[in-house]
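A short write-up of the structure that comes next.
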Amino acid sequence: MPPLIRVLLLLPLAVAMPNPAGAQNFFEELFGIGRAAKPPVPPRGVPGGVQPGTPLAPPPGAPGDAPAAEAPRAPAAPKQPVVLKAPAEDNVMGQELLYNGLSGTLKLEKAAAGTTARITLPGTKISAPSESCTVPWNGGTPVALTSEGRPDGLPRFEATGGECPLRFEVVEGGVLVTSLGSSRVCTVTTADCATTPTGLWGPAAATLIPRSVEFDGARGTADRAVRENYKLMTQRARGQDVRPIVTEQAAFSSDREQLCRTYAREGAHGFCNLRFTEGRALALATRLGVNTAAAAPTASATPRPRRKPQPSVDGMNPDAGGATGFPD
């Protein structure tokens with residue numbers, strides 16, 4: 001039915017109402033503008049109901065909301081160098097060490113005036129290079145050494161005089177020897193002998209193999225110390241100083257291989273690799289400002305599964321006498 005007709009039909013009823021307010025309510029309901037158009041107000045006590053006159057809370061993120069205060073973050077602690085236990089110079093005093101664990105003898109001893117060294121150098125005959133020889137350093141007389149402290153983390157001694165000036169750096173259970181002359185080869189013409197004392201002097205392989213698991217665990221710790229200290233050095237260095245550090249670190253692995261490849265049965269125990277790596281880690285820590293003689297170690301060896309021994313290769317890990325050193 002059209003709305004207009006409905007209004008005309010209901011109009012007499014509205015007129016007949018005795019109360020004018022009732023007629024007004026009738027028309028409000030008829031046209032949808034009365035109570036039907038207003039949502040009901042929940043009664044008091046009904047959950048979720050909003051009481052009349054209660055201000056509505058603004059939605060989250062509305063303008064004027066104060067941002068939540070963030071808790072202040074503690075500044076990150078600066079990274080510190082990884083420090084290994086530094087060897088004491090007394091740990092090798094009085095012991096007879098072998099060149100590459102094979103031949104010759106080296107003994108450091110304490111004397112009234114300091115430290116002395118007595119060495120028998122292995123080599124090859126100048127007149128017959130296929131034949132081996134030995135020659136006593138300084139005619140067999142103990143040579144007084146000068147203590148140089150720990151410039152690279154290891155105890156260092158030097159003997160600058162004589163026919164073969166040498167440097168001695170003490171590691172745990174051995175001594176790293178380097179030449180202070182212009183050549184690695186030391187020639188003793190009167191003895192018809194050419195020697196190459198540069199390398200690691202330490203125990204024979206037979207005494208090292210039972211400790212291979214110990215050396216392997218310590219090697220992992222030393223490798224991590226080298227990596228962490230190297231990264232810390234590059235982070236602290238300025239732009240132009242980074243390249244020499246990177247170059248030096250890149251040569252580290254090849255220097256270690258060259259030094260240790262002739263140590264007797266190195267693949268079975270890893271003694272030389274471990275001591276050279278520990279020396280590198282201590283040298284980096286020293287350059288980062290650590291006093292290795294006084295600092296408490298921050299890393300210790302953790303045993304881990306031992307790697308499989310590598311087979312010996314002729315000319316690489318000799319087991320018999322006759323190996324005299326490194327190529328020039």
Side-chain angles (χ1 to χ4, degrees), residues 75-87 146-158 160 165-172 174-185 196-200 215-216 218-263 266 270-301 307 310 316 325-328:
K79 291 186 177 180
Q80 298 298 323
V82 179
V83 184
L84 302 180
K85 181 182 178 181
T146 303
S147 176
E148 300 294 329
R150 295 172 178 259
D152 284 326
L154 297 173
R156 177 182 292 181
F157 301 91
E158 290 184 355
T160 56
L166 298 174
R167 172 180 292 159
F168 305 85
E169 290 183 293
V170 177
V171 298
E172 192 69 32
V175 176
L176 286 166
V177 177
T178 55
S179 175
L180 293 176
S182 57
S183 173
R184 296 164 57 116
V185 179
T196 309
T198 299
L200 179 61
F215 296 152
D216 192 41
R219 166 72 181 278
T221 301
D223 280 334
R224 287 191 294 273
V226 168
R227 288 194 301 269
E228 292 301 317
N229 289 345
Y230 160 69
K231 288 191 292 186
L232 187 56
M233 280 196 67
T234 57
Q235 291 169 1
R236 292 185 181 182
R238 297 182 178 180
Q240 66 272 18
D241 298 329
V242 173
R243 182 179 293 274
I245 299 172
V246 174
T247 302
E248 181 182 323
Q249 182 67 17
F252 162 66
S253 296
S254 60
D255 291 344
R256 181 174 58 188
E257 170 61 23
Q258 183 180 16
L259 178 78
C260 297
R261 63 184 181 179
T262 51
Y263 201 98
E266 174 65 15
F271 171 75
C272 181
N273 276 260
L274 168 61
R275 298 310 183 216
F276 188 78
T277 306
E278 288 175 336
R280 172 66 175 168
L282 289 168
L284 292 174
T286 300
R287 290 162 63 179
L288 287 166
V290 175
N291 181 356
T292 59
T298 60
S300 59
R307 65 184 184 278
Q310 300 176 356
M316 297 298 289
F326 304 101
D328 295 333

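- No hydrogens or angles considered: nothing links the side chains of Thr286 and Arg150 as a donor-acceptor pair under 3.5 Å.
- In this structure the side chain of Glu278 never reaches within 4.5 angstrom of the side chain of Val171, judged on heavy atoms.
- Of the inter-residue distances, the one linking Phe168 atom CZ with Leu180 atom CG reads 8.5 Å to the nearest 0.5 angstrom.
- Distance CD/Glu248 to CE/Met233: 7.0 Å, rounded to 0.5 Å.
- Here the closest heavy-atom approach between residue Ala295 and residue Val290 is recorded as CB-CG1, 3.6 Å.
- Shown here for Thr298 and Pro81, the closest heavy-atom pair between the two residues is OG1-O, 3.9 Å.
- The shortest heavy-atom contact between Leu259 and Leu200 is CD1-N, 4.2 Å.
- Between Phe271 and Phe215, the angle of the ring planes lies from 30° to 60°, which puts this pair in the tilted group.
- For Arg227 and Asp223, the salt-bridge test fails: no basic side-chain N is under 4.0 Å from an acidic carboxylate O.
- Two residues are said to be in side-chain contact when any heavy atoms from C-beta on lie closer than 4.5 Å; Phe276 and Asp255 meet this criterion.
- Rounding to the nearest 0.5 angstrom, the gap separating the CD atom in Glu257 from the CZ atom in Phe252 is 11.5 Å.
- With hydrogens and angles disregarded, a donor-acceptor distance shorter than 3.5 Å links the side chain of Glu266 to the backbone of Cys272.
- Residue Thr292 comes nearest to Gly153 through the heavy atom pair OG1-O, 3.1 Å, listed as atom of the first residue, atom of the second, then distance.
- Here Arg280 contributes atom CZ and Leu154 contributes atom CG; the two are 12.0 Å apart, rounded to the nearest 0.5 Å.
- Proximity of Arg224 to Val82: side-chain heavy atoms (C-beta onward) are nowhere separated by under 4.5 Å.
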* In sequence, state the C-alpha distance, the side-chain angles, and the governing distance for Asp241 and Arg236, and then conclude on side-chain contact (heavy atoms from CB on, under 4.5 Å). => CA-CA 9 Å; Asp241 298 329; Arg236 292 185 181 182; over 6 Å; no

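- When side chains are defined from C-beta on, Ser179 does not count as touching Pro197, because their heavy atoms never get closer than 4.5 Å.
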* To do: Might you work through the side-chain contact (heavy atoms from CB on, under 4.5 Å) test for Thr198 and Val177, ending with a clear yes or no?
  => CA-CA 5 Å; Thr198 299; Val177 177; 5.6 Å; no

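- Exactly one of Arg184, Glu158, Arg167 qualifies for a side chain to side chain contact (heavy atoms under 4.5 Å, CB included) with Thr178. That residue is Arg167.
- Interatomic distance, CD of Glu148 versus CD of Glu169, reported as 10.5 Å (0.5 Å rounding).
- Distance check: Thr160 OG1 to Leu166 CG gives 10.5 Å after rounding to the nearest 0.5 Å.
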